[in-house]
Structures are given as C-alpha cells and as structure tokens.
Trainee: 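Input: one structure, supplied below.
Chain A is the first sequence line, chain B the second, and so forth, proteins listed ahead of strands; every chain is numbered from 1.
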Amino acid sequence: MNEEKNVLQEEIDALEAEKEVVSAEDEAAPNAAIELDELDEKRVFLTPGQMVMKRFFRNRLAVIGLVILVLMALFCFVGPLFSPYSETELFYLDKTTGEEIRMTESDRITNAVLNSKALPSAAHWLGTNEMGQDMFTRLMYGGRISLLVGFVVVAVEMLVGVTLGGIAGYYGGKVDMIIMRLVEIFVSIPFIPLMLILSSLLISLKVSPENKIYYTMFVMGIIYWAGVARMIRGNILSLREMEYMQAAEATGIRTSRKIFKHLIPNVMPIIIVMATMDLGGVILMESTMSFLGIGVGQPYASWGNMVSSVNDNVIMRNFLNIWLPPGICILLTVLAFNFVGDGLRDAFDPKMKR
Amino acid sequence: MRQYIIRRVLISLIVLFGVSIMLYTLVRLMPSDYVSLSTANSQKMTEEMKENLRAIYGLDKSIWQGYLDWLWNAIRGNLGESLLFKRPVTEIIAKYAPVTFSIAAIALVLELLVAIPLGVLAARKQYSKTDYIITTCVFIGISLPIFFFAAILKRIFGFYGLNWLPISGMLTARVTYDGFTFAKFLDYAKHLILPITCFVLTGCGGMLRYTRTNMLEALSSDYVRTARAKGVPEHRVVYSHAFRNTLIPIVTLLGASLPSLFSGAAVTEGIFALEGLGNIALRASNMADVPYLMGFNMFLAVLTVLGYLVSDILYAVVDPRVRLS
C-alpha cells in the first residue's frame, strides 16, 4: 500500500511540477492573460523528437555521459592540434647535461640516451613511456583510433544488420530462414581466435600497421552484424502485425515506401540505442585486441596497447602515469556511451513516465 | 514439443556444418602453418624435411580435402591429435575443462547471488539514491576493460602492492602437496580470488540490469496491483508475486550462458596464467594448431547452439503461455 501511495504521490508531484513549468512560462510570456487551456494545446505541439530530448535531458546520468563524450571528442580530435609533439616522436636526453633532445635534432642524438619512463613534468604532462614517447600526446591520438574504430564498426554492422534483419523480418519464409541460419553461424564463431587469425593474415599480406586497423574494423563490423540483424528482425516481425501496417497495406503503397516510411522510423529508436551501446562494446573489444597485440601496434598509439605496458612489472609497480590514464580513458568513454545509450532507451520508451 | 525439438536439432546440425566450414577455412588461411612456426628457430631443417612434416600432419592437403577428412573423422568422434601437445584433442579438452568450468561455475553462482538481490532492490526503489548507486556501479562494471581491472587488482593486492594475494598461476610454486588436502584447497582458493573477482564484477552487470528491468515490468503489472489491493504484505507481493515472474527471463538467460562456462575468458585466464581452456586456445591460435583449434571451437559452437535450444525449451517449460511449434 505504501508503495502505491508513493507512486501516486510521485505522479501528483510530477503533475504539480509540470504546472509550475506552465505557470513559469505564463509569467515569462508577454501576454500574461493566456489561459491554461491554450498552453495545454501548445504543449501538444511538442514533436516526438522534442519529447525524447526533454526526457533525455532530465536523466542525470545520461547528461553526464554526454558531457564526458563531448569532452573526450574534443580532447582526441582537437587536442592534438595544440600539442607541440607528434604521436610517434621519440625523446632523448643529453648524457652529460641532462638536457632533452627532440628526435628531429639528429646531430645531437649521437651523444644521447632515450628519455624513457620520465615522470610527469611541465614538458611532458604525463611523462614518457618506455620508448621515450610523450604520453599525453599519445593519449589523444590513441583516443582518436578508439573512437574512429567504434564509429566505423558500428556503421558497418548497422548497415549490414539492419538491411538483412529488415529483409528477413519483412519477407519471412525462405529468405528469413536462410538469413537467420547465417546469423546463428556468425553468432557461434568464437571471436578471439578469429581475430588472432585475421591479424596474422594481415601481417603476412604486408599490410602496414597504419592500415591494418581499417581492415580489422571492417571485419569486426562484418562479424557483429548478426546480433543487430536478430534484434531488428524480431521487431519488424511484431511491427508487421500492427494495425497501422494493415492500413498501410490497404492503401496499396509501394513496398519500399512501406519499409522506409512506416517500418524503419518505428525501429529507429532501437537502432539508435543499440548503436550507442555497441559503440562502447566495440571500443572495449578494440582495446582488448590492442592489449593482446593484435590490434593497433607500435609506433602508433591506442588506449589498449598503452595499457599493455603494465605487463612489465617495473612499470606496474612504479609508473602508474604510464598505464593508469589510458585505462581510465577507456573506462570513461565506454561508461559514457552506456549512460547515453541507457538514457536514450528510457527517453524513447513512451511507457517510462518520469 | 517433440517435433519442435527434432526440427531444431536438425537445423542446428546445418548451422554447425556452416560454422565448421567457415572455421576450417579461416584456420587454414593462416599464412604460417604449424610446421613453419615450430621450426622457425632450427636452421638444420631443410625444405624437404618440412614438406615431410606437413605430409605427416596433413597440412599438405588442399583446404577442401583437409576439411572433408576432418569432417569424416569428426563425425566418427575422432577430433584428431593436437599438433602442439601431441595428444588427442578430446583428451586435452577433458584435461583442462574442469579448471575452466569450475572457475566459471563459481563465478556464475556468485554473479547470480550478487545480481538478483541487488537487481530486485534497485527495481523496488526505482529512482532512489540506492537505485542510482547500483545503476552507476553496474555500468562501471560493464564498462571496465577486464585487462585494466585485472592490472589494478594485481597492483593493489599482488606482490608489488599489499602482497596479500598471489597474482598468477593456480598453486604456489615450490610447494608440493600429497594428495588433495585442505591446505591444497586453500592454496587454490587463494589463487582464484582475484580472477573470480574480475569475472564477477565485470560479468554481473548485465544480469543485474536484466533482473531490474524485468522486475520493474512485473511490479507495474495488474496482478501486483491486485495483490496490493487485497492487502497482501509487501514482501510477499515482491517475492512471491513479482519476483517469481521475473525468474522466467533469468532462467532463459542461464541457458544462454552455457557456452561461457567452458569458453573461459581467454584474456582473463591469460593474464592470471590459469591453465584453462581459454589460455590453451590462445596458445594454440598463436601456433596454428589446426586440430585443436577446430576441436575446441567446434565444441564451443555446439555448446552455443545447445544453449539456445535449452533456453528456448526452458522458456516453454517455465512459462505455460509459450507454446513451441
């Protein structure tokens, strides 16, 4: 009973809060004499998109996630423009004076040692790694790769998954049967061995480490499509039975119009939520692969391969500045995508009232 | 029901056939085969000797020929002999499976013990502070890269930190035990605390969210309203009316987690140097051990397909509204 009362109380509170909003608008409006009814009518004109936005921004965790993502994107894509160093640059120390020498000053390098594992300083905010590269700069470039991988993989998987899932769900029958068996095959293939095989294939084909990641992304997208297709198919199947689809059928419009005007907009929320959540998942997978040494490799940076320095006991013990920041970056980014995805799911769900 | 199961099994066989073709092709496409990898350091090997070795291992056949041979043997229950370990593949799987299985099973039970009560709690107090804290923790768990979390745990509790717990292996080196004593059991337990913590904290998030969502749905349903209206005590409403209905999806989730009991997170096993199937599979992939990779991955594929079948059947068993046809 208590719970029930609480729920009721909450609803009343919500109603009152809305009224307050209305009255606030009332005061702010130039014509103070507008009646409540009229305002209520105005409220009806909130488009579904605006309603989703409103619900989304009311969710604290989702907004935090969005802020983290924006900051991360700025850090990774704009940050490098302000960095005086490049991703792959090595730093040396003059043996006698202890002065730092950059890679470009080749005439002085002869008498120098690598400035590796330097502690954080004004010149290197997060110090340098075991190769004598600037950690802070690499953190920015590594993030670029992670975010880029996420977006490309999700784009590929969505393209393939939505198309095939949509076809399977809409047409049913034999087409459905074949596509769903394909989905099951792809779901049953273990992922890590597959990536190991792919990685050695790419090395033998003499693909440069710079381009390797693009092939890897493509393959990841091809593998991940199955989950998307299964989800989309299930939804299309149930949407097909809806009354508005029967109505659309009765008007005799083209199949393509039925699919793109009536079905796709209705699965859009699911697509968006899945894409957001998968972005986090893909970034996690990419970092795991880079950690295992089958993703992005030296001299290029990725958050995953930066954490892998931790395999050296000395670094694990004494140089937290080398392995902690990239790990935290992965955690924050994936967390932010999950927060945003969850917030979007709640915002899109008309049953959620808050 | 019976017809449904028979049809599903037949379809599963087709799927497994497809998986095996894809896997075999991929494994054989690996540019360097076992012979060139294992003889990379010995200069005395001539090309001729390598060719002989390839013939012995069956690596000289074309992919198609090799696949058909493998399939013919596999159907008769012979998965071949691992190139790396020189033992039958089934024997290796049987040897390492108990380790992986017991770790995964303990982790799964702990996950359930953590996830279900907390999920129910979060749903009962939706949008409260408790809910926010649980949700945030869950998302952190889901988003934690397992290798990073393992590194943090090792740094804090391991030899270079507080030195409370061993960070790798399954038993303390330089200690011998006669038979299976309590001391040996304790030693195992001590070694497994960190890996299992890793599994549980990164794994229970999904299940917790699932419990919470389904519990929320159940709590807002008509029968819960009715139960409350007729004055059933609150804990009975929650635990015998709402919770029992959320068990349905949880049971099906358990069916789907069948393969993960044996797949062994390769990464975690590798990091903590546990002698499990996942770790062995990583080594086998690095050495292009075709028979083991085929045997192990097909074993997992069978479990995956079986898991889906079991969860569908369980769904029909626990929910009388579902009819399989």
Trainee: Heavy-atom distance under 4.5 Å to chain A: side chain of T304(B), backbone, both or neither?
Mentor: side chain
Trainee: Apply the side-chain contact (heavy atoms from CB on, under 4.5 Å) test between S143(B) and each candidate in I330(A), T333(A), L331(A); give the one that qualifies.
Mentor: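 It is L331(A); the other options fail the test.
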Trainee: Nearest 0.5 Å, what's the OH-CG distance between Y127(B) and N59(A)?
Mentor: 8.0 Å
Trainee: Specify whether F291(A) and F147(B) have parallel, tilted or perpendicular ring planes, treating 30° as the upper limit for parallel and 60° as the lower limit for perpendicular.
Mentor: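 Rings of F291(A) and F147(B): parallel, as their planes differ by under 30°.
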Trainee: Supply the atom-to-atom distance I140(B) CD1 to L335(A) CG, rounded to the nearest 0.5 angstrom.
Mentor: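 Taking CD1 in I140(B) and CG in L335(A), the distance rounds to 5.5 Å.
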Trainee: Should F139(B) and V334(A) count as side-chain neighbours, where that means a heavy-atom distance under 4.5 Å?
Mentor: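 F139(B) does not reach V334(A) side chain to side chain.
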Trainee: Please classify the contact of L182(A) with chain B as side chain, backbone, both or neither, using a heavy-atom distance under 4.5 Å.
Mentor: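 It is neither, since no heavy atom gets under 4.5 Å.
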Trainee: Are side-chain heavy atoms of I185(A) and M22(B) found at a separation under 4.5 Å?
Mentor: yes
Trainee: Report the distance from atom CD1 of I14(B) to atom CE of M177(A), rounding to the nearest 0.5 Å.
Mentor: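 Interatomic distance, I14(B) CD1 to M177(A) CE, rounded to 0.5 Å: 5.5 Å.
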Trainee: With a 4.5 angstrom heavy-atom cut-off, is it the side chain or the backbone of F337(A) that approaches chain B, or both, or neither?
Mentor: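 Contact with chain B: none, neither part.
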Trainee: Check the pair R181(A), I11(B) against side-chain contact (heavy atoms from CB on, under 4.5 Å), reporting the backbone distance first and the verdict last.
Mentor: CA-CA 8 Å; R181(A) 293 300 86 77; I11(B) 290 175; 3.2 Å; yes
Trainee: So does Y223(B) have more than 12 non-hydrogen atoms from other groups sitting under 6.0 Å from OH?
Mentor: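 Counting neighbours around OH of Y223(B), more than 12 heavy atoms of other residues, nucleotides or ligands fall under 6.0 Å, so yes.
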Trainee: Please round to the nearest 0.5 Å and tell me the distance separating atom CG of L324(A) and atom CD1 of I152(B).
Mentor: 6.0 Å
Trainee: Considering only heavy atoms, which portion of I271(B) lies under 4.5 Å from any heavy atom of chain A: side chain, backbone, both, or neither?
Mentor: side chain
Trainee: Which value, rounded to the nearest 0.5 Å, describes the distance between T135(B) atom OG1 and N338(A) atom CG?
Mentor: 12.0 Å
Trainee: Please list all pairs meeting salt bridge (charged side-chain N to carboxylate O under 4.0 Å, His left out) that have one or both residues in residues 327-342 of chain A, counting only residues at least two apart or in different chains.
Mentor: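 Matches after skipping sequence neighbours: D342(A)-R345(A), D342(A)-R209(B).
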Trainee: Which region of Y308(B), side chain (C-beta onward) or backbone (N, CA, C, O), has a non-hydrogen atom less than 4.5 Å from a non-hydrogen atom of chain A, or is it both or neither?
Mentor: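 Contact with chain A: side chain only.
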Trainee: As a quick check of understanding, evaluate side-chain contact (heavy atoms from CB on, under 4.5 Å) for F186(A) and V19(B), giving each step before the final call.
Mentor: CA-CA 8 Å; F186(A) 272 88; V19(B) 174; over 6 Å; no
Trainee: Counting only heavy atoms closer than 4.5 Å, note whether W323(A) contacts chain B via side chain, backbone, both or neither.
Mentor: both
